[in-house]
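Notes to accompany the following structure.
Note on naming: letters A, B, ... go to the chains in the order of the sequence lines (proteins, then strands), and numbering restarts at 1 for each one.
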Amino acid sequence: MRKEAIAKVLFVVPAALAIVFLFGYPVVKNAVMSFQDYGLRTFFTGRADWIGLDNYVTVMNENVFGKAVLNTALFTVGSIVGQFVIGMLLALFFKKNFPLNGVLRALFLLPWLLPLIVGSAAWRAILEQDSGIVNVMLRNLGIIDTPIPWLTSPDVALIAVILVNIWLGIPFNLTLLYSGLQDIPDELYEAGALDGANGWKAFWYITWPQLRAVVSITLMLGVIYTLKVLDIILGLTKGGPADATQTIALQSYQHSFVQFKFGQGAALSNILIVISLVFAVVYLRVNRRRIDE
Amino acid sequence: MVKQRLRTAIAIVLLALMLFPVYWMLNISLLPNGGTLPESLFPSNPTLDGYVTAIHDQGQNLVTSLLVASGTVVVTLVIAAPAAYALAQFRFRWINWGLLTILICQMIPGIVIANALYTLFESIGLLNSIPGLIIANTANAIPFGILIMRSFMMSIPSSIVEAARVDGAGLMRSFVSIVMPISRNSLITVGLFAFLFAWSDFLFALTMSTKGQITPVTLGIFTYLGVNVSQWNAVMATAMLASIPAIILLVIAQRYIAAGATGGAVK
């Protein structure tokens, strides 16, 4: 019996070690580094002096910090609203019966499965200022006279990046919301129809309340994934022009891997972890209350 | 019936809009060398010039990505499969805490892991190496793999394993000879996604290769975009080549994602 218990634990030991090494160690290491003068010099001399909260004070006092926080908020909210609304409309549409439904719905997943840098590359070509197809079409249709500098003007770059991220996120929202819709029993709609609940009424009084758990998990995962997005912004604008698309995650990357100020990069990534955790805790509390009800 | 056909037509139009960027990538990849971005919707004189340049410039990078992704699959399955089975069947008291930990791990931003692993790998010589990239990439795949395989393995009737145990098979042997074969579909699903995660990875590729010796194809595309945008055909040809695993997954793996775990093992 004793031996059996040990054998059982051995099944989880490799995974537990991997999780400690791949997640526990980085979180602790980031926390430690964020209080140290950890920079290029550290790699040569091994020295990293304790400097208290200096890294946090430094990064938060930089001009770009406020902009990065605002952009992170706009990027996250804009992306989530767009992805969710379009994903929901598509999920409702695919709930209906029609030929080829399954195949067409599966093909919608393709943008999600592509490497993000591939998606970014495609959009770089599409949004190219002089000969990108978007500007060419808008000009041919007579909507614009001068080409829009989608990715090179501080006024529109953030909007362009959000639009691309919405495109990338639609499949994820569609998939989760569609599977949520499939789990709503048909009898509810049949009973509703007897009481005159069709169309909008059926959506508002049956679909939406039944879907609330799926909606909240979709939104929470969406927020957490969007907060940490790096690939798309690096691929499209690298944070520019004039910091118009800087975010907290990108700032962390640039402090660590462009300026080699790992202490400051760690401070920024810790700020990001705290924001993510706040959303996770809010989500867990909201859901627990619902289970208790 | 007319209404249903109309819906199919609408769905096709929506899908065409959604997949336009992918089509556009293909269109540009077929341009001749030195061509400007196309203004017509269909390639007028399609050539494979872009692909020739892409394979010349990025062939080695595609191989690097293949090695990193394959290694990630192996490490992920070896580590995640036994844990998934244990969490599905062994009734540990702390299971809920374990699952919560895994969920939280999935929320940790990649940049946190990159910051820490970079400093560690720098001191132990794993920067600019395929094993280093494999280790970093398992961070994306192991928590996902455990959760997916666990949900499949929950539905394995314990009677199958118990029957083997009565015949004298140890825990590990019954796991390898019984649980693994009936969980084949979930192993394939996780393996395919682990491959795709590692193949698509850009953050670790960007941060862990500092000397340009080990360049996964995602980093290759990024470098192309920086200096070489005059050669759109080669950039997009590389992007198309880098999309092949995603397309294969979509075509082949659909059935694995949907397939049940036990596949009728108990009849």
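Top candidate by heavy-atom pairs under 4.5 Å with chain B, chosen from T42(A), V13(A), L107(A), L10(A), is L107(A). Chain A forms more heavy-atom pairs under 4.5 Å with one residue of A86(B), A11(B), P21(B) than with any other, namely P21(B). Comparing G110(B), A136(B), P82(B) by heavy-atom pairs within less than 4.5 Å of chain A, the highest count is held by P82(B). Ranked by heavy-atom pairs under 4.5 Å with chain A, the first of L203(B), L120(B), L6(B) is L120(B). Each of A121(A), A18(A), A249(A), A16(A) has some count of heavy-atom pairs under 4.5 Å with chain B, and the biggest count is that of A121(A). Chain B forms more heavy-atom pairs under 4.5 Å with one residue of W112(A), F21(A), F279(A) than with any other, namely F21(A). Ranked by heavy-atom pairs shorter than 4.5 Å toward chain B, the options P14(A), P99(A), A7(A) are led by P99(A).
W94(B) places a side-chain heavy atom less than 4.5 Å from the side chain of V12(A). The shortest distance between side-chain heavy atoms of V118(A) and M25(B) falls below 4.5 Å. Side-chain contact between M18(B) and W167(A) is present, with heavy atoms from C-beta onward closer than 4.5 Å. Using a 4.5 Å heavy-atom threshold, the side chains of L116(A) and S200(B) count as separate. With a 4.5 Å cut-off on side-chain heavy atoms, I117(A) and V217(B) do not count as touching. Between V9(A) and F90(B) there is no side-chain heavy-atom pair separated by less than 4.5 Å. Counting heavy atoms from C-beta on, the side chains of F262(A) and T119(B) come closer than 4.5 Å. T207(B) has its side chain within reach of Y253(A): a pair of non-hydrogen atoms, C-beta onward, lies under 4.5 Å apart.
Of the two parts of L171(B), the backbone and the side chain both hold a non-hydrogen atom closer than 4.5 Å to a non-hydrogen atom of chain A. Only the side chain of P143(B) comes within less than 4.5 Å of a heavy atom in chain A; its backbone stays farther off. Only the side chain of R165(B) has a heavy atom closer than 4.5 Å to any heavy atom of chain A. Of the atoms belonging to I146(B), it is side-chain heavy atoms, and not backbone ones, that fall under 4.5 Å from chain A. L17(A) does not touch chain B: none of its heavy atoms, backbone or side chain, sits under 4.5 Å away. Contacts of I108(B) with chain A are made by both backbone and side-chain atoms, with heavy-atom separations under 4.5 Å. For a residue to count as touching a neighbouring chain, one of its non-hydrogen atoms must lie under 4.5 Å from one of that chain's; by this rule S123(B) does not touch chain A. For A80(B), no part lies near chain A; criterion is any non-hydrogen pair under 4.5 Å. Of the atoms belonging to F175(B), it is side-chain heavy atoms, and not backbone ones, that fall under 4.5 Å from chain A. Residue contact with chain A, scored on non-hydrogen atoms closer than 4.5 Å, involves the backbone and the side chain of M107(B) alike.
Pairs passing the side chain to side chain donor-acceptor pair (under 3.5 Å) check and including a residue from residues 14-41 of chain A, sequence neighbours excluded, read N30(A)-S269(A), N30(A)-N115(B), S34(A)-Y56(A), S34(A)-N270(A).
Between Y118(B) and F260(A), the two ring planes are tilted [angle within 30° to 60°].
A donor-acceptor contact shorter than 3.5 Å is absent between the side chain of W24(B) and the backbone of A122(A). Using modelled atom types, no side-chain atom of R7(B) and backbone atom of K96(A) make a donor-acceptor pair closer than 3.5 Å.
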